[in-house]
Structure formats: structure tokens, C-alpha cells
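Worksheet: one structure, shown below.
First listed ligand is number 1; within each ligand, the first listed atom is number 1. Residue numbers run from 1 in the order of the sequence given. For clarity, every value in this text was computed on a predicted model and none was experimentally measured.
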Amino acid sequence: MLKQLPMPTKTSSELWTDFLAYMEERCSAAEFQNWISPIQVVETNSDELVLKVPNIFVQEYLLQNYKKDLLGFVPVKSNGDLSLRFVISEEQKKQVLFEDQALRSDPLPLNPLYTFDHFIEGPSNQFVKSAALGVSTHPGKSYNPLFIHGGVGLGKTHLLHAIGHAIHKNHKRLKIHCITTEGFINDIVDNLKKKSMDKMKRFYRSLDVLLVDDIQFLQSRLNFEEEFCNTFESLIQQNKQIVITSDKPPSQLKLSERMVARMEWGLVAHVGMPDLETRVAILQHKAELRGIRLPHKIALFIAEHIFHNVRQLEGAINRLSAFSRLINKEVTEDIVENTLGELFQQHPQKRVSVENILKCVSAIFEVRISDLKGSSRTKDVALPRQVAMYLAKELMTDSLMKLASAFGGKTHSTLLHAWKKIRERLQSDESLRRQVEIARRNLEDK
Ligand code: ADP
Ligand code: MG
């Protein structure tokens, strides 16, 4: 059922796209951005792969670290060597000559696969995607800043880079800079050392678009926060576009009031976990990128088991893709389960029931079950009730409607709201996290 498409039909750039997808799983985002994504394919019709690299270091880096991995993707000569040739990019050669220091003339460090075309839309990300598109069409003129927040592996970096690609394509003259918060801090440290802070400030303040990933890493870095805030204000005042991603909404970040207020100036948009259908669509899209045909039934099976994180969905596809290279066999659900077993989140179709959840939560939080099912909104009851609803959605597979009605006839949107609330709170509330963990363990061991 799951078949590798025949190799010879692949062009150089398709092979390279496969390799990129494969590498993404194996190296850190920073490594990928710095070393892998600057490499380009030069299309040829011979049976060697020609790669354009910005400099010799990138070439050496690739060969020293990933020669073996390349064997799976690059044509091989009769003596077993890779049929691979490198050319150094001319523009880059020139740029290096004129560069007095390392202040970015390197290519925009954007992941080539993180474009809008490769971003699958669903109810959980429609809003944030359309905001991102708006910003890309009219940088500095629609929402400023655009603040994107959501859990790990849900596509924040993907959207940030997609904005970068789109602006780069449609507004060629604009000066775009995409950086992680760690990168920004490192820049400051470097420039402080080299006593070149003025230069750095000039650089940042001359940008048209600043894309900043993972702002949560600015928390409790007071001096850096101030520098960031100044940069931020200066750009916003000139109507220069800023996009920020974070694992929490601004109000939950431990940053100064001034900083939080600035980040709330524009549009704050949440990206959530895609629903089942969207997960299936993502799986099929990623499979297609890798040249494997994934039957709908198998995609559905995987999507039902992996529901916390899109990155894990992608991991599943990578394993299946490696697996389907190895064996030339029909892939059944059993095989999928064996290959991906550890990736599958504990799927607790076990005996977790709303009754068990209520008992467990009532014991941990010392509230009565009847209160949990009731509608009192006092804090002592409301929080445990939300926790119970959260656990029900996390641990059970029944429809939201069915679950909600088991809570004394609540609506499915009440349940969803409770789940979202608790999920957000868990990110910052250590003691709640512990309580929920205890409940979860208790329930799953039953
Ligand atoms: P985050 O920055 O939120 O932790 P990433 O942007 O790194 O997450 O996304 C993790 C992986 O999931 C990436 O490979 C990305 O392409 C993929 N991904 C996330 N959401 C989507 C989506 N809606 N469509 C396609 N791929 C997605
Ligand atoms: Mg990210």
C-alpha cells in the first residue's frame, strides 16, 4: 500500500527536497538554517548532483557530517563515491570581499520548506494564517506587531519563515531580518565585546521587517529586554513590520509591563493543535513532499494516535519513509504501529471514564463530585472542574459533545474553553502541572 515512487523519475531538486526533509529531523533548527538551507541545487541533466554553496565551509561541513546520509539521496558512481559536485556562489564570493564584519550579508536564514504553500490550513490555524498573509501582503500596514503564540511544534516558526519568504518575494527591496531571540542576545553580546553596539543599533533600526522567533527566551534577561524594546519602538514608529513568536501570550510572559504592552499593540494570534482532518491533510502533504504515497486509511490511523504536536506527525512520516525504503512490502496498520509505536502517544482508550476522572480530581482538589458536575463558579470549584474537563479531553476519545454532557450537561464549547484555559495555565503554573500529572498517572494506571 505504501510505496516509494520509482527513483529515476526524480529530478535533482526533488532529490534535494527529500534530503532537506530528511535532514530537518536530524539536526537542530539552527544547524539546519546555518548550514543546510543555504545550499541550492543547480539543475543539470547529467546524472550528477550539482550544489551551489555560499562558501567552502558549508561544503566541508556537509561532507564531513552527512556524507553517509547523502548516499541515500545522491546518485552514486560505479566506484561507490557520491556523484556530487560543488560550485561556490558568485554573489557570495563578492559579498564576502566587501563584508567588513559578520553583520548579515548571509542569505536570509529561512527554512526553504516553511512557506505558505506548505502550510496546511484548518480551524486551529486559519485565523493566524490569514493574519500572517495580511502582514506579508502589506508589511507595516496591517497588524503591527503580529504576535503569534502557541505550544511546541505547532507551526509558529513555519509561519514566521513563510512571512519572510512571501515578503522577500513580493517586496524585493525591503530589508528583512529573521532571528531567534537567542540569536538577538548573541548579537548584542558579540557587539558589546567588539564595542560595535552603535553599528548593531544602526543595522537593526534600518530594517524594514524584523522577524523574531521564540521571544519567551527574553524572559529574565533584563538588559537584553531593554535593548530589544528600544529596537522594537524605533521600528514600529517608522511603520516597519515586526512579527514575534512565543510559546505563551504576551500577558503570561515574565517581561516588563512596557514590553508586554508593546507586544499587545498589534494583533495577538493563537495557533492551536490541528484537528483530526487537518492532521490527516498535513500527513498526506508531508508524505507527498517525500515522494511516498500514503493511503488515507493509514494517514487517519496515524493522525488518530498523534495529537499533541505536528512535529511528531512529521517524525512519523520520516520513519515510514525510511522504512518503506528498506522493505518493499505492503504497509499495514500493524506495521505502522510497530514502526511508530513509541511515537504514538499513550492512547488511553483504556478504562478512563468521566466518573473516574471526577473521583480522582475530587480527591486531589478536595471538592465534592456533585460540585464538579454543578455550575457554581467559585474559584475553589471552577478550577478543579476545568481540570477534570481538560483530563477528559486529553485522555478520552469520545466526542466533545458526549464528554460535555457527562459533566452534568455542559456544552462542548464549555469543555473546549476549559481545556484551553488549563492547557495555557499548565505552561506557567508548576503546582497545577504536578497535580494534573498525578491525576493523569492515577487514571492511566487504573
Ligand atoms: P513551533 O515553532 O511552533 O515549535 P514549527 O514551526 O517548528 O513549530 O513546526 C514543527 C513542524 O511541523 C515543522 O516541520 C512544520 O513544517 C510542521 N507544521 C506545523 N504546522 C503545520 C501545518 N499547519 N501545515 C504543515 N506543516 C506544519
Ligand atoms: Mg519554533
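Nearest to atom 27 (C) of ligand 1 among the protein's heavy atoms is V310 CG1, 3.6 Å. At the top of the distance list for atom 23 (N) of ligand 1, counting protein heavy atoms only, stands I120 O, 2.8 Å. Considering only non-hydrogen protein atoms, atom 4 (O) of ligand 1 sits nearest to G153 N, 2.7 Å. The protein heavy atom nearest to atom 8 (O) of ligand 1 is G155 N, 3.1 Å. The protein heavy-atom contact nearest to atom 2 (O) of ligand 1 is T157 OG1, 2.8 Å.
Between D208 and K175 there is no salt bridge, since no side-chain nitrogen of the basic residue lies less than 4.0 Å from a carboxylate oxygen of the acidic one. In this structure, K248 does not pair ionically with E424, as no charged nitrogen and carboxylate oxygen lie closer than 4.0 Å. A salt bridge links R440 with E437: at least one charged nitrogen is closer than 4.0 Å to a carboxylate oxygen.
There is a side-chain donor-acceptor pair under 3.5 Å between T414 and T411.
Comparing E314, E25, K156, R311 by heavy-atom distance to atom 13 (C) of ligand 1, the nearest is E314. The heavy atom nearest to atom 16 (O) of ligand 1, out of those in H158, H285, H118, E121, is found in H158.
In this structure, P274 does not count as a contact residue of ligand 1, since none of its heavy atoms falls inside 4.0 Å of the ligand.
Ring geometry for H149 versus H270: interplanar angle of 30 to 60°, hence tilted.
Taking the six-membered ring for Trp and the full ring otherwise, the centers of F119 and Y114 sit at least 6.0 Å from each other.
The nearest N, O or S atom of T245 is not closer to the Mg ion (ligand 2) than 2.8 Å.
With H305 contributing its side chain and L340 its backbone, the two residues share no donor-acceptor pair below 3.5 Å. Listed for the R433 side chain is a donor-acceptor partner under 3.5 Å among the backbone atoms of L426. Remark: the backbone N or O of L432 is paired with a side-chain donor or acceptor of D429 at under 3.5 angstrom.
Residue N125 touches ligand 1 through its side chain alone, judged by heavy-atom distances below 4.0 Å. With a heavy-atom cut-off of 4.0 Å, I282 touches ligand 1 through its side chain alone.
Counting the atoms of ligand 1 from 1 in the order shown, those under 4.0 Å from a heavy atom of K286 are 14 (O), 15 (C), 16 (O), 17 (C), 25 (C), 26 (N), 27 (C). Close approach of ligand 1 to G151 (heavy-atom distance below 4.0 Å) involves ligand atoms 3 (O). For ligand 1, the atoms sitting less than 4.0 Å from at least one non-hydrogen atom of L154 are 1 (P), 3 (O), 8 (O), 19 (C), 20 (N), numbered in the order shown with element in parentheses.
Within the cation-pi definition used here (under 6.0 Å to the ring centroid, within 45° of the axis), R26 qualifies as a partner of Y22.
Checked by distance only, ligand 1 and V152 stay at 3.5 Å or farther apart across all their nitrogen or oxygen atoms.
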